[in-house]
*Asks:* 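Got a structure for you, written out below as structure tokens; questions coming shortly.
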Amino acid sequence: MKTNNGVIAPSKQWINFFGNIQIKPRGICKPYVSSTSGSIYFRETVSQYQELIANAAREDRKIRAYGGSWSLSESAVCNDYMVNTIETNNINVGLSADDSVAKHPDQLVLTQCGARIRDLHDRLGNKGLALPTTGASEGQTIAGAVSTGTHGSAFNVGAMSDYVVAIHLLTASGSVWLERANDPISTQKLRDELGVSQFLQDDELFAAALVSFGSFGIIHAFVLRCVPQYKLRVFAADWKYEDLEANIMKPDFPNLKQKLKLASDLGELFHFEVIVNPYTQHAYLRYMDKVPHDTDPRSPGPDKWSMTGLLSALNVLSDGVHGLPQRELGRVIGKNIRDMLPLDQRSFVDLPQNIFGPTKKRIDMDRAVVDGYSTEIGLHPSDLGRFFHIAFDVAKKTSFNGAYALRYVKQTRATLGWTLFEPVTAVIETPMTATQGAKDALRELWRRLRESKIPHTFHWGQCLPVRPIAAEDARLGDAELAAARNQVLAQYQHTGRLARWKAARKKLLPDESARRMFSNKLTEALDLGVYE
Ligand SMILES: Cc1cc2nc3c(=O)[nH]c(=O)nc-3n(C[C@H](O)[C@H](O)[C@H](O)COP(=O)(O)OP(=O)(O)OC[C@H]3O[C@@H](n4cnc5c(N)ncnc54)[C@H](O)[C@@H]3O)c2cc1C
């Protein structure tokens with residue numbers, strides 16, 4: 001089907017980056033990209049998206065935007081119309097005083113939803129700016145990354161949603177511009193150029209829309225508050241987990257240098273992460289300080305330490321790993337982690353994008369070379385001891401065959417942001433190759449965590465215990481599904497965040513049909529879809 005402004009391709013199989021989600025929606029829509037530029041281009045794009053939304057409304061069907069399709073959860077898919085945003089990727093670096101009332105408009109960046117993190121790095125770098133933090137990779141789109149609470153480990157910065165200062169959102173009833181009341185950003189001129197029909201300065205709505213995984217409408221653009229360009233200096237160290245435990249449970253970042261005997265020339269600690277090999281209980285530290293942008297790059301580091309890097313390393317082994325005695329498994333995993341770290345050098349210096357890229361070879365952004373799984377759990381650092389006790393046992397008793405990666409994220413301002421613990425959330429990721437054993441190990445980890453009563457949350461873009469379109473979930477009993485649902489939502493319920501998010505969504509989308517349009521099986525299974 002062809003609308004005036006966009007194409008709705010006939011139904012075809014859609015598959016995500018890591019290959020764990022496949023769906024055949026009614027249609028995959030892709031707005032035309034016109035050759036015009038400037039404000040006409042922005043307005044044209046907006047009208048294309050509005051036409052797609054109006055078409056879904058006429059047919060009373062669901063519609064959901066997706067970006068890089070890097071999420072491992074079912075957040076980005078629906079059975080009706082899925083919208084491919086990847087070519088909606090214009091980036092306007094540095095606003096003028098005509099466009100913004102903010103103090104430093106030159107550090108504000110207007111970016112369309114589908115801009116990849118890699119492209120943002122490049123465009124910002126050309127103008128001497130940088131993103132305050134990113135995840136450990138660069139293939140996500142800005143809207144996809146923000147919408148699931150993507151983060152890095154710059155523990156004083158927060159998640160990527162925490163540097164968004166304005167949201168341009170398209171719904172069935174209009175073109176909405178959202179800002180915080182106490183941080184005004186846009187001028188009427190900018191809003192007119194973007195065809196905004198509703199201007200809202202509302203802190204509660206803004207915080208709710210930030211991490212909303214497609215449920216508030218289609219995000220056309222964000223304004224980001226960026227920082228002057230910088231480089232990072234990367235160091236690594238090798239510890240026994242038990243010797244590190246007290247310090248990771250009570251991370252005293254200003255004094256970690258002395259407590260953990262970090263490099264003597266380290267400046268102010270900026271980034272801190274730990275990867276734990278459960279089979280040897282070794283803990284590998286990667287930590288960084290910020291250095292001026294004109295610092296000479298020093299020896300390019302080893303291959304990047306990222307989820308894809310680690311997965312590829314583990315996958316090379318995966319066939320051989322099966323059936324290996326655990327001591328041998330631990331040795332092999334340890335070697336692969338060490339190969340990705342500058343353990344044998346003092347340090348190296350590089351731009352963030354060269355450190356947090358997927359691998360030395362730039363990868364295919366659409367499909368991973370290796371199918372994978374990963375879940376990411378948020379908890380209070382003081383619960384890390386109890387967490388690792390469970391995690392080591394799960395690794396021992398299942399075919400987990402992977403490692404646990406720990407990072408820290410400052411408490412987020414987004415209502416459903418999952419890095420909600422104060423003052424920082426400890427986040428643990430489990431990159432694994434896609435085997436039945438890995439899947440069973442994940443289920444076991446979730447079950448043990450649930451029983452432990454350790455307060456925890458889940459990354460909305462990684463594997464979740466609730467997977468309504470996965471065939472095996474259909475075989476789970478009602479009680480098990482209810483327990484999994486409660487596990488995902490418990491922290492938002494206890495803190496009142498869930499009620500606030502639902503109220504904000506109802507305020508923005510007062511009609512039940514509008515709320516239904518922007519829901520999907522996942523949000524319905526979690527009772528975040530249509531409610532009265
Ligand atoms: C190799 C790899 C490395 C990763 N590393 C990290 C990491 O270091 N840190 C971390 O926190 N996470 C990490 N992740 C998870 C990843 O950051 C998230 O899954 C992120 O959401 C993916 O972005 P995307 O552009 O692919 O979004 P998608 O997966 O396409 O979509 C994510 C969500 O955003 C919504 N969405 C997308 N575009 C729009 C729009 N225009 N309007 C409204 N809603 C929209 C979708 O509906 C969906 O709910 C990693 C994932 C992979 C595969």
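In each ligand, atom 1 is the first atom listed, and ligand 1 is the first ligand listed. The structure displayed is predicted, hence computed values, not measured ones.
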*Asks:* For ligand 1, indicate whether the residue F18 contacts it via side chain, backbone, both or neither (heavy-atom separation under 4.0 Å).
*Replies:*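 Near ligand 1, F18 shows its side chain, while the N, CA, C and O stay back.
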
*Asks:* Within ligand 1, which atoms have a heavy atom of G67 less than 4.0 Å away?
*Replies:*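 Near G67, the atoms of ligand 1 are 25 (O), 28 (P), 30 (O), 37 (C), 38 (N).
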
*Asks:* For the 3.5 Å polar cut-off, considering only N or O atoms, please tell me whether T85 and ligand 1 meet it.
*Replies:*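 Min N/O separation from ligand 1 is not below 3.5 Å for T85.
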
*Asks:* With the threshold set at under 4.0 angstrom, would you say G217 reaches ligand 1 through any of its heavy atoms?
*Replies:*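 Flag set, G217 near ligand 1.
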
*Asks:* Under 4.0 Å, heavy atoms only, figure out whether ligand 1 is touched by the backbone of Y66, its side chain, both or neither.
*Replies:*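 Looking at Y66 and ligand 1, atoms from backbone and side chain both fall under 4.0 Å.
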
*Asks:* Which ligand 1 atoms, with their elements, are less than 4.0 angstrom from a heavy-atom of A143?
*Replies:*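 The list of qualifying atoms is 38 (N), 39 (C), 40 (C), 41 (N).
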
*Asks:* Once you restrict to heavy atoms under 4.0 Å, what part of S75 touches ligand 1? Side chain, backbone, both or neither.
*Replies:*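 Looking at S75 and ligand 1, atoms from backbone and side chain both fall under 4.0 Å.
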
*Asks:* Below 4.0 Å, non-hydrogen atoms only: which portion of S147 touches ligand 1? Side chain, backbone, both or neither.
*Replies:*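 The answer is the side chain of S147.
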
*Asks:* For ligand 1, which atoms sit closer than 4.0 Å to a heavy atom of C113?
*Replies:*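 Atoms satisfying the 4.0 Å criterion: 41 (N).
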
*Asks:* Under 3.5 Å, is there a donor on one side chain and an acceptor on the other for Q487 and H456?
*Replies:*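 Yes, side-chain donor-acceptor contact under 3.5 Å.
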
*Asks:* Examine F17 against ligand 1 and note whether any of their N/O atoms are separated by less than 3.5 Å.
*Replies:*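 For ligand 1, there is no N or O atom that lies under 3.5 Å from one belonging to F17.
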
*Asks:* Between H151 and W418, is the gap from one ring center to the other below 6.0 Å?
*Replies:*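 Yes, they do, as the ring centres are separated by less than 6.0 Å.
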
*Asks:* Have a look at H168, H151, E429 and point out the one with the heavy atom closest to atom 9 (N) of ligand 1.
*Replies:*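 It is H151 whose heavy atom sits nearest to atom 9 (N) of ligand 1.
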
*Asks:* Between the candidates E74, Q140, E376, R116, which shows the shortest non-hydrogen contact distance to atom 5 (N) of ligand 1?
*Replies:*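 Shortest heavy-atom distance from atom 5 (N) of ligand 1: Q140.
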
*Asks:* Does R64 use its side chain to pair, donor to acceptor, with the backbone of S75 at less than 3.5 Å?
*Replies:*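 Checking the backbone N and O of S75 against the side chain of R64, a donor-acceptor pair under 3.5 Å is found.
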
*Asks:* Taking distance alone, with N or O pairs closer than 3.5 Å, would you say A65 contacts ligand 1?
*Replies:*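 Yes.
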
*Asks:* Show your reasoning for whether ring-ring contact (aromatic ring centres under 6.0 Å, His included) applies to F253 and F155.
*Replies:* CA-CA 9 Å; F253 293 115; F155 49 83; 3.8 Å; yes

*Asks:* Could you tell me whether H220 approaches ligand 1 through its side chain, its backbone, both or neither, with non-hydrogen atoms closer than 4.0 Å?
*Replies:*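 Under 4.0 Å from ligand 1, H220 contributes no heavy atoms.
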
*Asks:* Checking the N or O distance criterion of under 3.5 Å, is ligand 1 in contact with G149?
*Replies:*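 No: no nitrogen or oxygen of G149 is under 3.5 Å from one in ligand 1.
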
*Asks:* By number and element, which atoms of ligand 1 are closer than 4.0 Å to a non-hydrogen atom of T148?
*Replies:*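 In order of number, 18 (C), 20 (C), 21 (O), 32 (C), 33 (C).
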
*Asks:* Could you list which atoms of ligand 1 come closer than 4.0 Å to a heavy atom of R64?
*Replies:*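 Going through ligand 1 atom by atom, the ones under 4.0 Å from R64 are 47 (O).
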
*Asks:* Where do R180 and D203 land on the salt bridge (Lys or Arg N to Asp or Glu O under 4.0 Å) test, with the steps shown first?
*Replies:* CA-CA 5 Å; R180 291 192 181 93; D203 291 4; 5.7 Å; no

*Asks:* Atoms of ligand 1 less than 4.0 Å from A76 heavy atoms?
*Replies:*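 Once the distances to A76 are compared, the set is 31 (O), 46 (C), 47 (O), 48 (C), 49 (O).
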
*Asks:* Could you check whether any side-chain heavy atom of I21 comes within less than 4.5 Å of a side-chain heavy atom of W14, counting everything from C-beta outward?
*Replies:*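 Yes, their side chains come closer than 4.5 Å.
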
*Asks:* Shortest non-hydrogen contact from L169 to L508?
*Replies:*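 Closest approach of L169 to L508, heavy atoms only: CD2-CD2, 3.5 Å.
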
*Asks:* Keeping the roles fixed (side chain from R413, backbone from D162), state whether a donor-acceptor pair exists under 3.5 Å.
*Replies:*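 No: the side chain of R413 does not pair with the backbone of D162.
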
*Asks:* Which ligand 1 atoms, with their elements, are less than 4.0 angstrom from a heavy-atom of T141?
*Replies:*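 Numbered from 1, ligand 1 contributes 24 (P), 25 (O).
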
*Asks:* Looking only at distance, does S69 have an N or O less than 3.5 Å from an N or O of ligand 1?
*Replies:*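 Yes - when backbone and side-chain N and O of S69 are compared with those of ligand 1, one distance drops under 3.5 Å.
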
*Asks:* Specify the closest pair of heavy atoms between Y284 and R338, including all atoms of both residues, with the distance to one decimal.
*Replies:*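 Scanning both residues, the minimum pair turns out to be OH-NH1, 3.2 Å.
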
*Asks:* Between E204 and K507, does any side-chain N to carboxylate O distance fall below 4.0 Å?
*Replies:*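 No, no charged N to carboxylate O under 4.0 Å.
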
*Asks:* How does R407 reach ligand 1, if at all, at less than 4.0 Å between non-hydrogen atoms: by side chain, backbone, both, or neither?
*Replies:*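 Near ligand 1, R407 shows its side chain, while the N, CA, C and O stay back.
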
*Asks:* With a 4.0 Å cut-off on N to O distance, would you call D350 and R233 a salt bridge?
*Replies:*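 A salt bridge is absent here (no side-chain N lies under 4.0 Å from a carboxylate O).
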
*Asks:* Do any N/O atoms on L72 end up under 3.5 angstrom from N/O atoms on ligand 1?
*Replies:*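 Not met; the criterion fails.
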
*Asks:* Any nitrogen or oxygen of G461, side chain or backbone, less than 3.5 Å from one on ligand 1?
*Replies:*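 The answer is yes, given that G461 and ligand 1 share an N or O pair closer than 3.5 Å.
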
*Asks:* Does only the side chain of T150 get under 4.0 Å from ligand 1, or the backbone, or both, or neither? Count heavy atoms.
*Replies:*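 Under 4.0 Å from ligand 1, T150 contributes backbone and side-chain atoms.
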
*Asks:* In plain terms, say whether E376 and R407 are close enough for a salt bridge, that is, a side-chain N and a carboxylate O under 4.0 Å apart.
*Replies:*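 Salt bridge: yes.
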
*Asks:* Salt bridge check, E524 against K62: does any charged N sit closer than 4.0 Å to a carboxylate O?
*Replies:*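 Between E524 and K62 there is a salt bridge, with a charged N closer than 4.0 Å to a carboxylate O.
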
*Asks:* T150 and A159: which non-hydrogen atoms are nearest, and at how many Å?
*Replies:*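 Between these two residues, the closest heavy atoms are O-CB, 3.5 Å.
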
*Asks:* May I ask you to list the atoms of ligand 1 that are less than 4.0 angstrom from any heavy atom of I218?
*Replies:*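 Listed by number with element: 42 (N).
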
*Asks:* Quick one: does E74's side chain get under 4.5 Å of K521's, heavy atoms only?
*Replies:*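 When only atoms from C-beta onward are counted, K521 and E74 do not touch, as no gap falls below 4.5 Å.
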
